[in-house]
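Inspection log for the structure reproduced underneath, given as structure tokens.
FYI, side chains are in, hydrogens and waters are out, and symmetry mates aren't considered; it's all heavy atoms of this structure. From a predicted model like this one, the values you see are computed outputs, not experimental measurements.
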Amino acid sequence: MYSGAAAAGSPRRDFISVTLGPEEAAGVGGYNNSKAWRRRSCWRKWKQLSRLQRSVILFLFAFLAVCGVISYTSMGETWKSITNKSLDDQRTEQEIPRLKLANPAVLPAPQKADAKHGDYPELSLQKPPKPPHVRRGPSNLQIKAPRRDTRLKTRHDTMRAVEELVEADKVEKTEKSIISWRGAVIEPDQSTEPSSSKITELEKPSPVEPEDQKEPVPINERQLAVIEAFRHAWKGYKDFAWGHDELKPLSKSYSEWFGLGLTLIDALDTMWILGLKEEFEEARKWVANDLVFDKNVDVNLFESTIRILGGLLSTYHLSGDSLFLEKAKDIGNRLMPAFKTPSKIPYSDVNIGRGTAHPPRWTSDSTVAEVTSIQLEFRELSRLTGDEKFQKAVDEVMKHVHILSGKNDGLVPMFINTNSGQFTHLGVYTLGARADSYYEYLLKQWIQGGKKENELLEDYMRAIEGVKKHLLQRSEPKKLTFVGELAHGHFSAKMDHLVCFLPGTLALGAHNGLAADHMKLAETLIETCYQMYAQVETGLSPEIVHFNLHAQKGHKDVEIKPADRHNLLRPETVESLFYMYRFTGDKKYQDWGWEILQNFNRYTRVPTGGYTSINNVQNPSNPEPRDKMESFFLGETLKYMFLLFSDDIDLINLDKYVFNTEAHPLPIWVPA
């Protein structure tokens, strides 16, 4: 193409010439942005690639296709789950109110303490409803030991503790387990308020039997007063006698008997029952770290069995903490040398470090009560450990006593010789010291073993008939029925305070199907035991009383000798009041117990902590404190007080537990 300038004087114009090939001129080939052209262009590029390059690209495309299929399947399941979850949310929102009505919450809603409680600390509701499959203790007894790590979840000592647990329950509904202060196990599958909209397998509520749907029983003012008394006593022990046997509250010191922390061990299950979580935990730490039985010390077989072995076994059953079972096995094994006697009647004393045993220095006799009131504990130890030696040893004693001569219509003498195996000091019969708990354990072993051991029942029934025939009399002027003593055919109107265990034992027997007249006798005897307090100037019973058999002007039914007017803070009357109230519901028994507690506070309470036994119950202005708090004041007296004032029959249910003679509850055996 030609390009040139115009002639001179003409406007200048520029030209560009483009030469087209024949294909382009015809509109064939070249770039025209059409789909057909792009396909031909890609194909040319693909053909230009090497065979290896084309193979790699094809492999990548195939891999991505497979991944896409897998991803599509997974996303489909996710969207399906989300859709179903949304539908479940709607259904669950409608069903939750109905579930709450069918299964009440395990933990009761917190309530404010009554303003008139005064200085007493606020405390929790007493008892949550029982789970439907509650078991207690070892598996072969249908008793399930709760887990150690959650053993203190639902019995609380303050309202604040209840609120904290309820709040924690809202945050974490899938907690492994909750253990009540009754030893009841609430399993994970009993949750009644699911934390998510979908009820998982662990959260499904179990069906609840009608009898288990019970309203929680609130702690009342009198129980609060017992808790305050216990804390006051515990303060003295902790401040001045920690880890030692007994507190001397006036001198702010301690006394030792065995050097095994008797007061602390005796009080363990009391703290559990009262809901004193903090105190229980600090006591447990002492047991774990400081209670050592490998020491060169003589202990009394009877006292160490009922207080230490019984206390450890009871605490194990209530708490489920295996620490206490291990300690119980240790002391149980160390007490076994006592049974290595010619007659199999055990010696009274054992050196638990050396593994030796011996009778008292002054005699080869043991007391009948001591050798026949260790059976509940050793039998239970065999049941828990599977080691028959414990039960075999104590059962041999009972079988031997069963066939012995020297009884008087079922009444036994007070002493038995460890060499010959025969009763000694024949002709003296009492339900007081040295014989009392023999009769108690006849009945309680029969109950513990499921009411199958007829020899025990036979001996018990015969003994009660012997009491009626030989030991019952009526006083003047109020005609109080009391239990005296028989010495070589001569009746004595002497009655130990220890005998006041009998009304409760008779009531327990009647409750378990024995003769109805046992309950009538129990009612008359508990009136007598109450009068042993009411007719005394301080309102506290002496250790021993003598009853007037003949009316005398100006004289009461009860006479007290100077040597007998001391009070040791004993539990027997309060124990029987507890049984009588539990079985009859008569409020007067609670009122009588309340009077006794008030008088303990008035005449035996030490301001700096603790309570003291007193020498003179007849002198209100100067009861002459003895400066000693017996371990059984915390282990028995205050425990029975708390139970007496409770209206909750499941607070140590007497159809499931039997108390040893130191007030430590042990389970009644139920066939597996």
Indicate yes or no: at least one non-hydrogen side-chain atom of Leu457 is less than 4.5 angstrom from one of Leu514. yes
Measure the CG-CD distance between Leu498 and Glu440 for me, rounded to the nearest 0.5 Å. 10.5 Å
Please round to the nearest 0.5 Å and tell me the distance separating atom CD1 of Ile544 and atom CG of Asp564. 4.0 Å
Is the shortest heavy-atom distance from the side chain of Leu456 to the side chain of Gln445 under 4.5 Å? yes
Would you say Ser382's side chain and Gln391's backbone share a donor-acceptor pair under 3.5 angstrom? yes
Is a side-chain N or O of Glu256 found less than 3.5 angstrom from the main chain of Asp245, in a donor-acceptor match? yes
Over 12 non-hydrogen atoms of neighbours within 6.0 angstrom of CD in Glu326: yes
Minimum heavy-atom separation for Leu634 to Ala233, with atom names? CD2-CB, 3.5 Å
Quick test of your reading of the model: are Arg462 and Asp459 salt-bridged, counting only N-O distances below 4.0 Å? yes
Do Asp436 and Asp496 have side-chain heavy atoms sitting under 4.5 Å apart? no
Taking atom types as modelled, find out whether Lys588 and Tyr530 have a side-chain donor-acceptor pair closer than 3.5 angstrom. no
Please report the closest heavy-atom contact between Pro665 and Leu318, naming both atoms and the distance. CG-CD1, 4.4 Å
State whether a side-chain donor-acceptor pair under 3.5 Å links Lys444 with Asn660. no
Closest non-hydrogen contact found for Leu312 with Phe324 is O-CB, 3.5 Å
Under 6.0 Å from the NZ atom of Lys392, do we count more than 12 heavy atoms belonging to anything else shown? no
Does Lys656 pair with Asp650 as a salt bridge, N-O distance under 4.0 Å? no
Could you tell me if the side chain of Gln223 sits less than 4.5 Å from the side chain of Leu274, heavy atoms only? no
If you define the side chain from C-beta out and look only at heavy atoms, does anything of Thr524 sit under 4.5 Å from Thr528? no
Can you confirm whether Trp669 sits close enough to Arg383 that some side-chain heavy atom of one is under 4.5 Å from a side-chain heavy atom of the other? yes
Taking the side chain as every heavy atom from C-beta outward, state whether Phe302 and Ser348 have any pair of such atoms under 4.5 Å apart. no
For His566 and Glu543, test the side chains for any donor-to-acceptor distance below 3.5 angstrom and give the result as yes or no. no
Cationic N near anionic O, under 4.0 Å, Lys468 to Glu465: yes
Salt bridge check, Glu485 against Lys494: does any charged N sit closer than 4.0 Å to a carboxylate O? yes
Judged by atom type as modelled, is there a donor-acceptor pair below 3.5 Å linking the side chain of Gln590 to the main-chain atoms of Leu644? yes
Heavy-atom side-chain proximity of Lys340 to Pro346 below 4.5 angstrom: no
Does Asp269 pair with Lys639 as a salt bridge, N-O distance under 4.0 Å? yes
Report yes or no: do Gln375 and Asp395 form a side-chain donor-acceptor pair below 3.5 Å? no
Salt bridge Asp409-Lys407, side-chain N to carboxylate O under 4.0 Å: no
Verify whether the ring centers belonging to Tyr439 and Phe501 lie closer than 6.0 Å. no
Among side-chain atoms of Tyr581 and Asp647, is any donor-acceptor pair under 3.5 angstrom? yes
Between Lys628 and Glu246, is the closest basic N to carboxylate O distance under 4.0 Å? yes
For the backbone of Cys500 and the side chain of Thr573, can you confirm whether one donor and one acceptor N or O come within less than 3.5 Å of each other? no
Verify whether one side chain among Arg307 and Ser631 offers a donor that lies under 3.5 Å from an acceptor in the other. yes
Do the ring planes of Phe482 and Phe547 sit parallel (below 30°), tilted (30 to 60°) or perpendicular (above 60°)? parallel
Between Ser437 and Thr661, is there a side-chain donor-acceptor contact under 3.5 Å, judged purely by atom types and distance? no
Scan side-chain atoms only and decide if Thr424 and Asp365 contain a donor-acceptor pair under the 3.5 Å cut-off. yes
Looking only at heavy atoms, the pair that brings Met336 and Ala393 closest together is CE-CB, 3.9 Å
Taking the six-membered ring for Trp, is the centroid-to-centroid distance between Phe415 and His425 below 6.0 Å? yes
Parallel, tilted or perpendicular: which fits the ring planes of Phe583 and His511, with parallel below 30° and perpendicular above 60°? parallel
Ring-ring centroid check Phe600 Tyr611, cutoff 6.0 Å: no
Establish, yes or no, whether a centroid distance under 6.0 Å links the rings of Tyr657 and His664. no
Using a strict 4.0 Å threshold on nitrogen-to-oxygen distance, state whether Asp298 and Arg354 make a salt bridge. no
